[in-house]
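Only a predicted model underlies this, so the values are computations on that prediction, with no experimental measurement involved.
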Amino acid sequence: DPGANDPVIMVWYEIERTKDGPKFTKHAIPAGNDTGVGTQFMSGDIDGAIAIFDTMYDENTNDVVVANNLASLLATHRDDAESLDRAAAVARRLRTMEVPAFQDTYGWIAFRRGNLDEALSHLEPAAAGLPKEQRAKAILVGIIAATLLRIFFATITTYLLAMTGL
């Protein structure tokens with residue numbers, strides 16, 4: 001069992017679809033055998049971690065954990081449209097998976113792209129499935145507030161247009 005008794009830098013699970021259902025394989029980067037991701041995270045070099053995840057993703061696009069991590073880092077730590085588009089493309093496969101961490105990533109990307117309804121439908125189950133994850137709950141509250149404001153302003157606009165006869 002990787003990481004059970006030895007110090008590790010990072011542990012993750014790979015999910016594989018089999019005819020018998022999902023198969024979870026635990027992976028670990030042992031201390032002293034870092035591929036670079038752990039070192040980049042520990043030093044605060046998020047762009048370096050993104051580059052490593054990008055390479056890992058290019059080597060195996062079927063690894064949904066790598067896809068989730070790459071998409072999450074792109075959507076969280078970069079603000080340019082190209083990175084957000086790349087995050088959305090990489091995360092597309094996560095849309096139908098009922099894994100809270102994947103729902104969180106996909107919902108966050110949907111929120112960043114302005115798709116509030118889609119974000120809400122993914123972040124509600126993510127927040128419920130990640131009870132200790134405060135970020136998911138905070139984003140969910142923000143989406144609910146934004147949705148309520150959108151409804152409020154649409155109602156006010158309709159009312160004002162009706163009052164002015166336009």
- Message: Going by salt bridge (Lys or Arg N to Asp or Glu O under 4.0 Å), name the residues that satisfy it together with R86, two or more places apart in sequence or in a different chain.
- Response: D54, D58
Are the side chain of [X] and the backbone of [Y] linked by a donor-acceptor contact shorter than 3.5 Å?
X    : Y   : value
R112 : A75 : yes
S72  : N68 : no
D80  : S83 : yes
H77  : D47 : no

Within this structure, what is the [atom1]-[atom2] distance for the pair [X] and [Y], rounded to the nearest 0.5 Å?
X    : Y    : atom1 : atom2 : result
L74  : N69  : CG    : CG    : 11.0 Å
E59  : T61  : CD    : OG1   : 11.0 Å
F152 : T157 : CZ    : OG1   : 9.0 Å
S121 : L116 : OG    : CG    : 11.0 Å
F53  : I46  : CZ    : CD1   : 10.0 Å
F102 : D104 : CZ    : CG    : 11.5 Å

Nearest atoms (heavy-atom pairs only) where [X] meets [Y]:
X    : Y    : value
A126 : P100 : CB-O, 3.5 Å
V90  : A67  : CG1-O, 3.3 Å
Q103 : E98  : NE2-CA, 3.8 Å
T164 : L161 : OG1-O, 3.2 Å

Determine whether [X] and [Y] fall in the same hydrophobic cluster, where Ile, Leu, Val, Met, Phe, Trp and Tyr are linked whenever their side-chain heavy atoms lie under 4.5 Å apart.
X    : Y    : value
L84  : L73  : no
L160 : L149 : yes
L120 : W108 : yes
I151 : F111 : no

- Excluding sequence neighbours, so at least two apart, what forms side-chain hydrogen bond (donor to acceptor under 3.5 Å, both in side chains) with R92?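 Counting only residues at least two positions away or on another chain, R92 forms no side-chain hydrogen bond (donor to acceptor under 3.5 Å, both in side chains).
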I'd like to check [X] versus [Y] (side-chain heavy atoms, cut-off strictly below 4.5 Å). Are they in contact?
X    : Y    : answer
R93  : V64  : yes
D63  : M56  : no
R113 : E118 : no

- Message: Can you list everything that forms a side-chain contact (heavy atoms from CB on, under 4.5 Å) with A91? Sequence neighbours excluded, please.
- Response: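 Once residues adjacent in sequence are excluded, the partners of A91 under the side-chain contact (heavy atoms from CB on, under 4.5 Å) criterion are A71, L94, Y106, I109.
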